Amino acid sequence: MTEKDELSVNTKHKDFLRVIIDEDIRTNKYGGNVVTRFPPEPNGFLHIGHAKSICLNFGIANDYNGRCHLRFDDTDPTKEDMLYVNSIQEDVRWLGFDWNDNMFFASDYFEKLYDYAVQLIKMGKAYVCSLNEQEIREYRGTITESGKHSSYRGRSIEENLDLFTRMRAGEFKDGEHVLRAKIDMASPNMKMRDPLLYRIRHANHYRTGDNWCIYPMYDFAHCLSDYIEGITHSICTLEFENNRELYDWILDELELSLPRPYQYEFARLNLDYTVVSKRKLLELVEKKYVNGWDDPRLSTISGLRRRGCTPESIRRFCDSIGIAKANNNVDIAQFEFCIRDDLNQKVPRVLCVLRPLKVIIENYPDEQTEMIDAPYYPHDVPKEGSRKLPFSKVIYIERDDFMENPSKGFYRLSPGQEVRLRHAYIIRCEQVIKNANGEVVELRCTYDPATKSGADTGGKKVKGTIHWVAANQAKRVEVRLYDRLFSVPNPDTLDDVNPNSLEVLTDCYIEPAVVEEKLDVRYQFERQGYFYLDPIDSVDGKMVFNRIVQLKDSWTRAAKVEESKKEVKKPEVKQSAEVKQEAAVLTPEAEARLKRYQDNLGLNAEIADIIAKDADLSGFFEEVLYVYNNANSVGNFIANELSRELKDKNISELSFDAAQVAELVELIDKGTISWKIAKDIFEEMLEKGGSPKAIVESKGLMQISDARLLVPIIDKVIANNPENVTKYKEGRTNLLGFFVGQVMKQTGGKANPKLLNDLILEKLTNN
Ligand code: ATP
Ligand code: MG
């Protein structure tokens, strides 16, 4: 895919704007040109809502080989600043868009706009009004009552020209006069009741300085700026719907030469649990609820960038929400999904312990440090890259991965129990050391040298896999965990700010491979989420990591579990006998799980039910998810394959662990092996245990998904069976199966069936 393709908005289903543009091209309205613009006012930093507008405007320009202007709509001297101009350019560029030479400022058009105003006055279509602000408001009327004429509406053209010239010359104070369009004080559209075009503001403008003391209003400046730049499609958000009539009025009454731009409105993006309004963002910044415009909790582009979001994920998100004509709120989970989806494919996996608990491995040699070769992309088999992961006698594990009195379904470390250390050995907890307050401060464990990851474990199996780091080699780092900035979906006031939106952990330990001084790096800390090295605070050898996003949507999950708990307590409503019977066999915990698996993990009812009703199976399922977070694939495998094996067996009797099941499911998902081969491997795992990857490799079971390898075999099969080819071409299409079968046989069943099907079909139809 070329960059251009990637930047353009999905064109499979054309949105209403592209439909309009297609029609304009068909009728040759603009000689085939498409010119859009992104027109921010430089009075704050851009936010995720602006990203939607940017993706839309630049995306359309890309799709139609047109151009998109970056225009600073800087007609209000009191709020604008060069600081914002610079940040806006940086953000648009970072998002991946380029305005080329087309950067403009409305303030560059002040002279031209003034001339247009003079022209309107000369045409008798604008007048200087000397009512004060309050009177103007009163005269305007209400939605149900028409307004009344200003007593200055009848001023002569000469008097208007004289007053307007003197307004510009600075003879009057702020508010003494305004220039108004002469339209219709009885118009049902309030915007058309003699709207203001110019006002007096004795203020210093960040670009034009003190050159001007009258400034054009948005409605006057915007349509004419569009016209001056040759914009064809002026796309804005729905709140400007009523302004459209005025947009058209100004351009039409001035009798400008055609073609002229038209305005179209689309729904603005509103995101749950955050604010997308520069005004509200400014308030959060100024009142120090956050640490500046680039605070990673904000929905500003600079905040998202500092947090570690990629531009690709933001573009994909904007693409995924579509272009609608009705306002609606977008669930922040959808944004987080896009972030995760993008990072999942890109970033290396490393180990970092956020809340350390010291573990001493008593039977490991004191001075020894072993370097384990650990892949960076264990989830993506063909992708290369690994690092040396040191292992030694003293390690840190996550405090939460130990439970002195484990609850049912807890498969990690507890006294007397075993757990696998990711990429390393199985350890057993022998002794728990506590301080005077009875808090656990250290564990004494033993390791089994025969259980090194990837090796034949001699039938040893454990359910859980946890992450860890070697104490003598790990680097201490700071980790910042961000939660939603607001605790309610539609925040009203700053009282809704979530007091726990930032958690700073200063005693975290990361493996040494990450310590290189590289900026702009992202990692997955296994089981913890995706992280980004903070570009500002990581200085002088100190490393600070921002959590970009968690691996799972724990937020809605927690909320929903709470909800389902409540529901369980509710008095029973009338239910059908059948449902009642079903409900009777589920414990409240199982019911909560069922709901969670369906609502949050998206499992279908049947699969969710099979897993949820069995506490052991659920625990195992969640362990697998820790390692490979694809609920659908994992759920499918557990419910269909594993659960069958458990009819007459306990989970603890299985000869493999959760990580190995994760590995197997992942191999299927990646297309490395087919389902059929996966089942064979699973059989072997059931009998002898072992790592699926090792089995695949030792037996050469990799699925052939490379067309270059399959095509020669297909060609041979086709050449050897000319009669069947003829029959196929005569209409016996069911012979397709014959060809597929022949090739399958020759590849020992390893050809990727879908690819094979496609290739053969193509050969048979095109030759
Ligand atoms: P805010 O309300 O945050 O101050 P704004 O509309 O005043 O935003 P502008 O600088 O005028 O900010 O916006 C530039 C462009 O971005 C406009 O075309 C506007 O329609 C668009 N835009 C602003 N907010 C959103 C949003 N939430 N969703 C989509 N487009 C938006
Ligand atoms: Mg605005």
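One-based numbering along the sequence shown. Just so you know, these numbers use all the heavy atoms, side chains as well, and skip hydrogens, waters and symmetry mates. Start at 1 and go down the list; that is how both ligands and their atoms are numbered. Quantities reported herein were computed from a predicted structural model and do not represent experimental measurements.
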Novice: If you draw the axis of the six-membered ring of Tyr262, does the NZ or CZ of Arg260 fall within 45° of it and under 6.0 Å from the ring centre?
Specialist: yes
Novice: Consider every N or O of Lys278 and every N or O of ligand 1, then say whether any pair is closer than 3.5 Å.
Specialist: yes
Novice: Polar-atom distance check: Arg279 versus ligand 1, any N or O pair below 3.5 Å?
Specialist: no
Novice: Would you check the N or O atoms of Pro40, main chain and side chain alike, for any that come under 3.5 Å of an N or O of ligand 1?
Specialist: no
Novice: Looking at Tyr532, is Arg306 sitting on its ring face, NZ or CZ under 6.0 Å from the six-membered ring centre and within 45 degrees of the normal?
Specialist: no
Novice: State whether a side-chain donor-acceptor pair under 3.5 Å links Ser501 with Asp483.
Specialist: no
Novice: Start with the C-alpha gap between Asp76 and Lys79, add the side-chain angles, then the distance that decides, and say whether salt bridge (charged side-chain N to carboxylate O under 4.0 Å, His left out) holds.
Specialist: CA-CA 6 Å; Asp76 183 348; Lys79 289 189 241 133; 3.4 Å; yes
Novice: Is there a heavy atom in His47 that sits closer than 4.0 Å to ligand 1?
Specialist: yes
Novice: Out of curiosity, His233 NE2 to Arg37 CZ, how far, rounded to the nearest 0.5 Å?
Specialist: 11.5 Å
Novice: Counting only nitrogen or oxygen atoms and a 3.5 angstrom limit, does Glu239 reach ligand 1?
Specialist: no
Novice: Judged on heavy-atom distance to atom 12 (O) of ligand 1, which of Arg71, His222, His50, Glu41 sits nearest?
Specialist: His50
Novice: Are Arg71 and Phe104 in a cation-pi contact, defined as NZ or CZ under 6.0 Å from the six-membered ring centre and within 45° of the axis?
Specialist: no
Novice: Below the 3.5 angstrom mark, is there an N/O of Leu269, backbone or side chain, next to an N/O of ligand 1?
Specialist: yes
Novice: If you take all heavy atoms of Ile25 and Val34, which pair is closest and at what distance?
Specialist: CD1-CG2, 4.1 Å
Novice: With heavy atoms of Thr237 as the reference, note each atom of ligand 1 found under 4.0 Å away.
Specialist: 19 (C), 20 (O), 29 (C), 30 (N), 31 (C)
Novice: Taking only heavy atoms of Ser53, which atoms of ligand 1 are found under 4.0 Å from at least one of them?
Specialist: 16 (O), 21 (C), 30 (N)
Novice: Out of Lys79, Glu265, Arg268, who gets a non-hydrogen atom closest to atom 6 (O) of ligand 1?
Specialist: Arg268
